[in-house]
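Below, read A as the first sequence line, B as the second, and so on, with proteins coming before strands; counting in each chain starts at 1. Below, each value reflects all heavy atoms present in this structure, side chains not excepted, and no hydrogens, waters or symmetry copies.
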2 protein chains.
Amino acid sequence: MATMQDVARRAGVSVSTVSYVLTGARPISQATRAKVLSAMAELDYQPNAMARGLASRRSRILGLLMPMDERGLGATETAFVTGAAAAASAAGYHLVLSPIGAGEVDELRRLASQRMLDGALLMEVQLDDPRVDVLRELSVPLVLIGRTADTTGLSYVDIDFDRTVRDAVDHLVRLGHRRIVYVNHSPATIAHGYGPALRTRDAFVAAMSGHGLDPLMIAAEDSAAGGRDALSEAFDRAPDLSAVLAMNESAVFGILGELARRGLAVPGDVSVVSMVTSPQVAELATPALTAMTSPGSALGRIAVETLLRHIDADSGEIYQQLLPCVLEVRGSSGPPGTAGGAAGDGPARPTPGRT
Amino acid sequence: MATMQDVARRAGVSVSTVSYVLTGARPISQATRAKVLSAMAELDYQPNAMARGLASRRSRILGLLMPMDERGLGATETAFVTGAAAAASAAGYHLVLSPIGAGEVDELRRLASQRMLDGALLMEVQLDDPRVDVLRELSVPLVLIGRTADTTGLSYVDIDFDRTVRDAVDHLVRLGHRRIVYVNHSPATIAHGYGPALRTRDAFVAAMSGHGLDPLMIAAEDSAAGGRDALSEAFDRAPDLSAVLAMNESAVFGILGELARRGLAVPGDVSVVSMVTSPQVAELATPALTAMTSPGSALGRIAVETLLRHIDADSGEIYQQLLPCVLEVRGSSGPPGTAGGAAGDGPARPTPGRT
DNA sequence: ACCGATTGTCGAAGCGCTTCGACTAAGCGT
DNA sequence: ACGCTTAGTCGAAGCGCTTCGACAATCGGT
């Protein structure tokens, strides 16, 4: 392992000069810079991260605090991660993921108070997230992915649920649907104040009302069984329903199963649109699901850029940004009342869309 | 931020003594240790990771190199990660995940040659994985999750595919099935030499032969459509088939869809068993899938323990370990030829055009 | 009672880098 | 011509920790 000493010696300059070449903290002449760079290349020099971190009090590490619940990560999350990692890498930072949720605050405190993190991105943010307090206390810059209840003084990036729901409803209404039911997360989740569930609920009411339609929402457990039950309830309360908008990725499969059991065709009898769903999951269903695809990778990039802005210009300035999901029409939505016909991948009135 | 100086001063000892208390590198009397510890507590002291890393040439960071493909992470992977993180944390190490696949070798080289990693765990190992070469060259200890073609001198932990396939086949045979078809990954995947596909193929042949049965394998594309096609092919080649064993999580949903389309009940007409599938995914199907559940969390723990053994006793000793998936019987498997009656969720059979 | 080993502690020398102050040599306006 | 800023470089002082050698004190064993 070559050190900076070696490079300096070989280039015939002092170590501080080498350092300045690397960091750009002071002007260096073209000639010197060239000598230094070629010495580095010849020695295959790589700065030692620890030494650099110690001296500069900057680790060049960004933490991505990502709870890993049992149910795995959707493609949305992985897209987010890769987007974020690419952005970090481009800026000369490392992005390290740590499976730290609102529960494991201790581990976070360890990480942060050892001064390992220059900043942090929080995923799966709770309305009242203890991780925020820990990081603030240790004055580690942070950016939320999602939103806490009180976002004053906090930067975040999040999905624009209002816009997303509105676009989804518009899609169905434009196809001719009037009776649309919204299958949300479970009552418990809603009662617990889970942001996306609340925001989409309100957005759904607003969007439907805007079209002069009656907004019917049903809360479903996050499981296939929950979806089946939700669909039954939906038919009880609105026998004439022709479209389902589902927030709940697990329930969607139950909904489809129950629809099939009742001998109803998708989208001939009932159209189904899934929210915040990755293309990969959408393709699992038969027919493939028309869905609102989340802007995972863009969200990741923006989050990192925002965090970096905080880090190296730590004015108290804050940035709050929302990105909508984009509609991708696949086989599960079509005009109402065309049972037997429009099935499959049929011409469901293509809509421009894609990330 | 309190430093070690502060602690030493407050405890009335030298810094080296404080250090020895922390690292245990030399014996310290009970009395002194107590003084030091209480000084630490009072000052809320946390050692600075960078300084420690620089001085000791050990970062106490383990890298988990986890490719993040577009399709997201299964529950198996997340269980692995949490298991690994817990084990690392218990040993005083940090586990950082880096979305580094066989493609992004440069990023890995950066990470490793900056001496940031004390060791690495490689997920999604390819038969000939360039990451292994990079790490060896930089002499970073590593443990594979999975296996390369040549594992001499390499430690790994992996799923015991032989045992897993055998258990799955035994389950079906014991239920009375004779005609069992194995739906593997795609021909391309197999041709490319993907380990699990090859190993399960061979294990399937062995297991079936052991029962005096004819081993029929079909390679399916990794998609719902691939599953549908595979099932059609299966019926062409074995009209009397009564059970499907599927390796391919994406294809399973297509298989179920096609079964429903043909008006065949699961498990009344055909039993379906899924391999290496998480409970969460298994529950998505209707009926829920009987599946071989992978030992994700245990795998993670063992991998970390193995890696640590390498790190702090770097004899050339190697460890190679296999863990089987365990059978979890749900609704999709039952005795053959009991259409209408069988176990599971009951009459899941009518209705062309489900899912 | 004396030796060698062990236990317990300290001071000091780094680990490989950044960064501050100092210095030289130009370049500028006046 | 004068001081003054700016570009370009160097030496040295750390950053907060680990670890080595030294040394005093204690402890059997004979």
> Across the strands shown, which category fits V13(B) at heavy-atom distances under 4.0 angstrom: base, sugar-phosphate, nothing?
Replying inline: sugar-phosphate
>> Rounded to whole Å, please give me the gap between CE in M4(B) and C1' in dC10(C).
In response: 13 Å
> CZ of R60(B) versus P of dT18(D): gap in Å, rounded?
Replying inline: 9 Å
> Rounded to the Å, how far apart are Q46(B) CD and dG16(D) P?
Replying inline: 15 Å
> Any idea which of dA22(D), dC17(C), dG11(C) is nearest the R26(B) side chain?
Replying inline: dA22(D)
> Between dG16(C) atom C1' and R58(A) atom CZ, what is the distance in whole Å?
Replying inline: 18 Å
> Phosphate oxygens OP1/OP2 of dT9(D): is one of them under 4.0 Å from a side-chain N or O of S29(A)?
Replying inline: yes
>> Categorize L54(A) for me: base, sugar-phosphate, or nothing, with a 4.0 angstrom heavy-atom threshold over every strand shown.
In response: base
> Which is true for R57(A) with a 4.0 Å heavy-atom rule: it touches a base, it touches only sugar-phosphate, or it touches nothing?
Replying inline: sugar-phosphate
> Looking only at side-chain N and O atoms, does S56(A) come under 4.0 Å of OP1 or OP2 in dT18(C)?
Replying inline: no
> With a 4.0 Å cut-off on heavy atoms, is S16(A) in touch with a base, just the backbone sugar-phosphate, or nothing at all?
Replying inline: base
>> Judged by each residue's nearest nucleotide on DNA chain C, which is more toward the 5′ side, T3(A) or A31(B)?
In response: A31(B)
> Hey, mind stepping through R309(B) and E317(B) against salt bridge (charged side-chain N to carboxylate O under 4.0 Å, His left out) and telling me if it holds?
Replying inline: CA-CA 9 Å; R309(B) 217 170 298 147; E317(B) 213 162 346; over 6 Å; no
>> Is there a side-chain contact between Y20(A) and the phosphate of dG11(D), meaning an N or O under 4.0 Å from OP1 or OP2?
In response: no
> How far apart are the C-alpha atoms of Y45(A) and R10(A), what are their side-chain angles, what is the distance that settles it, and do they pass the side chain to side chain donor-acceptor pair (under 3.5 Å) test?
Replying inline: CA-CA 12 Å; Y45(A) 170 74; R10(A) 179 156 193 133; over 6 Å; no
>> Does dT18(D) have OP1 or OP2 under 4.0 Å away from a side-chain N or O of R52(B)?
In response: yes
>> Please evaluate residues S89(B) and R110(A) with respect to the criterion side chain to side chain donor-acceptor pair (under 3.5 Å), reporting the C-alpha separation (whole Å), side-chain torsions for both, the decisive distance (0.1 Å), and the verdict.
In response: CA-CA 10 Å; S89(B) 175; R110(A) 260 178 66 204; 3.2 Å; yes
> Of the nucleotides dT18(D), dG11(D), dT9(C), which has the atom closest to the T17(B) side chain?
Replying inline: dT9(C)
> Roughly, in whole Å, what's the span from CE in M50(B) to C1' in dC15(C)?
Replying inline: 14 Å
>> Could you walk me through whether L121(A) and L142(A) satisfy the side-chain contact (heavy atoms from CB on, under 4.5 Å) test, starting with their C-alpha distance in whole Å, then the side-chain angles of each, then the deciding distance to 0.1 Å, before giving a yes or no?
In response: CA-CA 6 Å; L121(A) 259 29; L142(A) 65 134; over 6 Å; no
> T32(A) and S29(A): side chain to side chain donor-acceptor pair (under 3.5 Å), yes or no, with the steps?
Replying inline: CA-CA 5 Å; T32(A) 311; S29(A) 70; 2.7 Å; yes
> Atom CG of L43(A) to atom P of dG16(C): distance rounded to whole Å?
Replying inline: 14 Å
> NA contact type, S19(A), heavy-atom cut-off 4.0 Å: base, sugar-phosphate, or nothing?
Replying inline: base
>> Expressed as a whole number of angstroms, how long is the span from R9(A):CZ to dC10(D):P?
In response: 14 Å
> In whole angstrom, what separates Q114(A)'s CD from dG16(D)'s C1'?
Replying inline: 13 Å
